Number of protein chains: 2
Amino acid sequence: MFEIIDLPDKAALAKLTTRYPMLDVPALETWLGLLRISGDCMNDLDQFLARHNLSQRKFFVLILLMRNPDGLKVSQLAEGTGVSCATMTGVVEGLLKAGLITRETDPQDRRAFVVAITTNGQDLLDQVLPQHYTRIKSITACLDPGEQKQLQTLLSKIAFGLHETRSRKL
Amino acid sequence: MFEIIDLPDKAALAKLTTRYPMLDVPALETWLGLLRISGDCMNDLDQFLARHNLSQRKFFVLILLMRNPDGLKVSQLAEGTGVSCATMTGVVEGLLKAGLITRETDPQDRRAFVVAITTNGQDLLDQVLPQHYTRIKSITACLDPGEQKQLQTLLSKIAFGLHETRSRKL
DNA sequence: CAAATATATTTAGCTGGCTAAATATATGCC
DNA sequence: GGCATATATTTAGCCAGCTAAATATATTTG
């Protein structure tokens with residue numbers, strides 16, 4: 001997790017700039033601010049979910065399964081939550097043990113397993129998601145609708161800049 | 001790492017709202033957007049640093065040591081980069097092996113070690129930081145100075161909202 | 001001054017990522 | 001039909017976090 005506590009102050013930044021003239025202080029502050037705040041949000045999410053014995057990964061898997069009542073293959077879960085199949089095997093293992101999902105062989109493809117949410121799993125989501133959504137509403141409550149739109153626009157510009165930077169192979 | 005690939009579309013969100021009426025769709029979109037983009041930036045940073053055989057943690061440690069030429073204790077490094085002392089022991093181990101830092105007993109406190117950056121370590125930073133700062137400038141280049149200020153303001157409102165939410169123990 | 005407490009670091013063992021290789025099954029192409 | 005290739009999953013082994021307990025040294029206090 002990104003968690004710089006000891007951020008440079010103005011004096012430190014000035015010194016850095018003499019050593020590294022390409023340093024754009026406002027750009028760095030913007031970037032640091034983004035990663036810092038979002039890191040805090042991420043930690044907060046982890047702590048909230050931990051109270052329900054869930055990790056981010058398990059939580060996302062349950063949500064994906066709720067959206068797909070016919071079940072999903074392990075590989076689809078891996079792709080949908082951005083981890084490898086090997087990792088997803090472990091996540092599925094944990095959720096199975098907790099009784100939150102089922103895993104059955106796919107009648108269409110005997111290589112594959114179809115994973116589906118159980119009543120217990122849905123009950124857990126029905127308990128966690130209302131709190132989760134209430135928290136998210138509270139976290140963003142300081143932004144009026146216009147500001148939320150603004151933030152999303154600015155973030156998408158960053159996403160574009162990131163994409164550009166990568167395609168320029170910097 | 002936060003990495004939801006399969007975000008809900010409008011139809012899925014509408015369905016969710018009927019099940020969970022407290023769901024504020026724009027708030028959720030704002031929050032998801034923030035964590036998504038910053039997750040992408042984080043992955044990008046990891047990949048960039050990996051090309052120089054550095055992790056985020058090692059990188060931050062080297063930067064802290066550059067800012068503190070007289071060296072820092074293991075506990076100070078742990079605190080400054082947001083990990084436990086136990087974890088920092090491992091990070092220091094790796095940096096020692098790579099010849100980027102030194103570790104000597106503190107003459108003032110024989111329980112402690114003082115860690116300092118070596119010439120090799122500084123040379124590595126002198127190679128990595130210019131690229132790093134150039135990349136950050138490029139990533140944020142789509143935002144003019146006013147927009148950068150705006151983004152920072154909006155982010156600090158989120159930080160405030162997060163703090164409020166936590167102190168309300170939601 | 002000696003005992004209790006606090007601080008600095010390390011060790012051991014856990015968790016949850018990862019990749020690469022193994023296994024099983026499907027699919028495509030002669 | 002049968003071989004080559006592709007896909008789905010698991011296993012094994014690595015890395016980097018974490019906490020709790022161990023060790024060593026400082027500091028405080030009766």
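Please read these numbers as outputs of a predicted model, since none were measured by experiment. So that the names make sense, note that chain A is the first sequence line, chain B the second, and so on, each numbered from 1.
For dA26(C), one of the phosphate oxygens OP1 or OP2 lies less than 4.0 angstrom from a side-chain nitrogen or oxygen of R110(A). OP1 or OP2 of dT9(D) sits under 4.0 Å from a side-chain N or O of S75(A).
Relative to the side chain of D109(B), the nucleotides dG17(D), dA26(D), dA8(D) differ in distance, and dA26(D) lies closest. Comparing dC18(C), dG17(C), dT25(C) against the side chain of S84(A) picks out dC18(C) as the nearest. Comparing atom distances between the F113(B) side chain and each of dA12(D), dA26(C), dT9(C) picks out dT9(C) as nearest. In this structure, of dG17(C), dA8(D), dT11(D), it is dT11(D) that holds the atom nearest to the side chain of T89(A). Residue V83(B) places its side chain closer to dG17(D) than to any other of dG17(D), dT10(C), dT7(C). Relative to the side chain of T87(A), the nucleotides dC18(C), dT25(C), dT10(D) differ in distance, and dC18(C) lies closest.
For the pair E29(B) and K10(B), the salt-bridge criterion is met [side-chain N within less than 4.0 Å of a carboxylate O].
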Problem - Intermediate values then yes/no, salt bridge (Lys or Arg N to Asp or Glu O under 4.0 Å), R168(A) and E164(A) - result: CA-CA 6 Å; R168(A) 268 189 235 119; E164(A) 284 291 296; 3.7 Å; yes
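Distance D46(A) CG to dT19(D) P: 13 Å, rounded to the nearest Å. What separates CD of E93(B) from P of dT10(C) is a distance of 8 Å, to the nearest Å. Rounded to whole angstrom, the span from the CG atom of L96(A) across to the P atom of dT10(D) amounts to 9 Å. For E79(A) and dA8(D), the CD to P distance is 9 Å, given to the nearest whole Å. In this structure, Q47(A) atom CD and dG17(D) atom C1' are separated by 15 Å, rounded to whole Å. Look at CG on D106(B): it is 8 Å from P on dT9(C), rounded to the nearest Å. What separates CG of N43(A) from C1' of dC18(D) is a distance of 13 Å, to the nearest Å. Between R57(A) atom CZ and dG17(D) atom C1' there is a gap of 15 Å when expressed in whole angstrom units.
The nearest pair of heavy atoms linking Q56(B) to D46(B) is NE2-OD1, 3.0 Å.
If you check every strand for non-hydrogen atoms under 4.0 Å, A86(A) touches a base.
Place Q108(A) and S55(A) on DNA chain C by their nearest nucleotides, and S55(A) ends up nearer the 5' end.
Atom-to-atom distance recorded for L45(A):CG and F59(A):CZ is 7.0 Å, nearest 0.5 angstrom.
If you check distances only, the side chain of R111(B) does reach the base of dT7(C) with a donor-acceptor pair under 3.5 Å.
Residues L170(A) and L162(A) do not share a hydrophobic cluster, defined by chaining ILVMFWY side chains whose heavy atoms lie under 4.5 Å apart.
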